[in-house]
Amino acid sequence: MTHDEVGEAIVAVLNRLVAQGDLAVEVPTSVDVDRPKSRDHGDYATNVALVLAKSAGLAPRAIADLLVAGLAGVPGMAGAEVAGPGFVNIRLDSAAQGELARTIVEAGTAYGTSSTLAGSRINVEFISANPTGPLHLGHTRWAAVGDAIARVLAAAGATVSKEFYVNDRGVQMDKFGQSVMAAAHGQAVPEDGYHGGYILDLAARIVAENPGIKELPEAEQLIAFRENAYALQLTQQQQVLELFRTSFDLWYSERTLHDSGAVERGLDILREQGHVFEDGGAVWLRTTDFDDDKDRVLIKADGEYTYFASDTAYYVDKRARGFDRAIYLLGADHHGYVNRLRAVAACAGDDMDANIEVLIGQLVKITRGGVEVKLSKRAGNIVTLDEFVDEVGVDAARYTLIRYPADSPLTLDIEEMTKRTNDNPVFYVQYAHARIASVLRNAEELGIDWRSLGLDAGLLSHERENNLLGMLAEYPRIVASAAELREPHRVARYLEEVATAYHRFYDVCRVLPRGDEEVSSEQVARLWLCGAALQVIANGLELVGVSAPERM
RNA sequence: GCGCUCGUAGCUCAAUGGAUAGAGCAACAGGUUUCUACCCUGUCGGUUGGGGGUUCGAGUCCCUCCGGGCGCACCA
């Protein structure tokens, strides 16, 4: 019996009580059903009696009593009781719960997916770093979390496109080109240029690959250095992200936005909506119509488009390409952009609560052995994504970044992340997967074909089996809530609980026969349970982009 | 100054307005002649920064104060 079925049963009973005249209240279409923290409170619990008490004009416990009586005899339920101020705790029949093992094994990789977001076309934009340097730790959090959000949304049935907006236009690119060119000539990089050691590397490589580049006329040479450096740096970012298992459906160049006329088209739409005005020779967007704290310039008095103009055009372009929701993932240092981006959507005639969504990720602080590693881009003293991955590995890096909500500040210790122990939950979860895989492998070697031997679900009645089944039953709801709240850390935290539930089960429930024993029906049932647990962990790890090893 | 955001155990962090605020680490005490001990069991640890309010019920929502981070360009 699933979570939803419990909820439906409760609604059915409430409707019956109203029809019988025992209860005078408007029955909600869905009710809150929780898994109680304490196992003493049963498999499921509902607070519906507390919620309905006021409108029904009855004491919460009186309603709860009616509900308990009505739930008696519902197939799959073993019992219900009133607790505390009016909670109703529900216990499931163990056979009904055990059937879940079969459901999961048969569903395979589809277990946990849903169609709650079916038909929704979502654009998820994240990282969007300038192609003027390596990706650093600040980008890494969104690389992991953004990718996981996209995976979770897709699991909930949405059509998702991941995009990286490449800021390849404007003065920063010129400064980048100038910095590399200066380095190639052995000159000091301009004060406001880019200073990291990678500039020297780029310069050396470009000179080696482009003989004669240093003899070009200065204006031409600057462009040559800029474009070569751009190409190399973009490729480097793409390779690093590929290594990090974060792929993008589209790398959207700011230049193409301008070249394709999308900027003019975006401006036209904003004009049509009546939020564009001129002042002091510049063209403005009246974002203050929609909660922004000041209006924003689109075209400067000198005729140049602002970066903000590109932003608005990009948003309009996303919508024109058929996305009904544009999700932006921004670092905390960009939180000032939230209101203006939402205002852009509103100025374009969209619903800023439905068509656009801006998520802010707090910054990651990194320590090594308890001592903070200072980040300074200017000094070239940054922790880059590839260095970080080199040191801790892709799995540990991704998992550790994903297991915390992105909107809370985070302090990570590099040494902790490389420990292969319990202080590193990624290994705990992966170990559970490898351990189950090992048991199933051994079963196969013993010639036990548990799938064809069939499942007697009622045999899964041990407290630890019951607990594990209960955890596995939660998975679809966890995925759905992770998608709805854009919080993939819920999946990671859940996997840790599943791993714990499995280890606790494994500790006291022998799965395989010993020595010459024949395999028992109970052991076969436990193999089904192992198969189900393996599937859930594998599915969950896939959602966060972490590998599920067969052996460790 | 204005604005956004965060503040939970010694540390790093969970908790979709629900029951006795939970994990891991750290500290201490135990467990496997057996399927992967990277495991399991137990003990210790809290005025959820302070105060007020809303609610049957507040770590969660509102107000206020304190503390940390960040942002306030015709820059990109």
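Chain letters run A, B, ... following the sequence lines, proteins first, then strands; residues in each count from 1. For clarity, every value in this text was computed on a predicted model and none was experimentally measured.
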Of all the choices, [options], which nucleotide is nearest to the side chain of [X] once you look at every atom?
X: A:Arg490; options: B:A15, B:C39, B:U36; answer: B:A15
X: A:His335; options: B:G3, B:A37, B:A14; answer: B:G3
X: A:Thr500; options: B:U36, B:C40, B:C74; answer: B:C40
X: A:Arg493; options: B:U36, B:U5, B:A14; answer: B:A14
X: A:Arg435; options: B:C39, B:A76, B:A73; answer: B:C39
X: A:Ser438; options: B:C74, B:C35, B:U36; answer: B:U36
X: A:Phe427; options: B:C40, B:C38, B:C72; answer: B:C38

At under 4.0 Å, does any side-chain N or O of [X] touch on OP1 or OP2 of [N]?
X: A:Lys300; N: B:A76; result: yes
X: A:Ser408; N: B:A14; result: yes
X: A:Lys54; N: B:C56; result: yes
X: A:Ser310; N: B:A76; result: no
X: A:His489; N: B:A15; result: yes
X: A:Arg403; N: B:C13; result: no
X: A:Tyr337; N: B:A76; result: no

Remember a base hit wins even if backbone is also touched, and classify [X] as base, sugar-phosphate or nothing at under 4.0 Å, heavy atoms.
X: A:Asn339; value: nothing
X: A:Asp279; value: base
X: A:Lys175; value: nothing
X: A:Ala332; value: sugar-phosphate
X: A:Pro513; value: nothing
X: A:Pro409; value: sugar-phosphate
X: A:Arg441; value: base
X: A:Cys509; value: base

Looking at the base of [N], is there any donor atom on it, or on the side chain of [X], that sits under 3.5 Å from an acceptor on the other one?
X: A:Tyr494; N: B:A23; value: no
X: A:His334; N: B:G71; value: no
X: A:His503; N: B:C40; value: no
X: A:Asn89; N: B:A19; value: yes
X: A:Asp333; N: B:G71; value: no

What's the spacing between [X] [atom1] and [Y] [atom2] if we round to 0.5 Å?
X: A:Ile360; Y: A:Asp407; atom1: CD1; atom2: CG; value: 10.0 Å
X: A:Thr288; Y: A:His275; atom1: OG1; atom2: NE2; value: 10.5 Å
X: A:Ser253; Y: A:Asp259; atom1: OG; atom2: CG; value: 7.0 Å

4.5 Å side-chain heavy-atom contact, A:Gln362 and A:Ser408 = no

Mind telling me whether A:Trp251 and A:Phe164 have parallel, tilted or perpendicular rings, with 30° and 60° as the class edges?
-> parallel

Taking the same atom, P, in B:G7 and in B:U16, what whole-Å distance lies between them?
-> 13 Å

Using a 5.5 Å cut-off between ring centres and planes within 30 degrees, is [X] stacked on the base of [N]?
X: A:Tyr431; N: B:C38; answer: yes
X: A:Phe87; N: B:A19; answer: yes
X: A:Tyr404; N: B:C13; answer: no

For B:G46, the nucleotide meeting Watson-Crick or G-U wobble distances (both under 3.5 Å) is none

Assigned partner base of B:C2, Watson-Crick or wobble definition, under 3.5 Å | B:G71

May I ask you to check whether over 12 heavy atoms, not counting those of A:Lys175, lie within 6.0 Å of atom NZ?
-> yes

For residues A:Tyr431 and A:His503, establish whether the separation of their ring centroids is below 6.0 Å.
-> yes

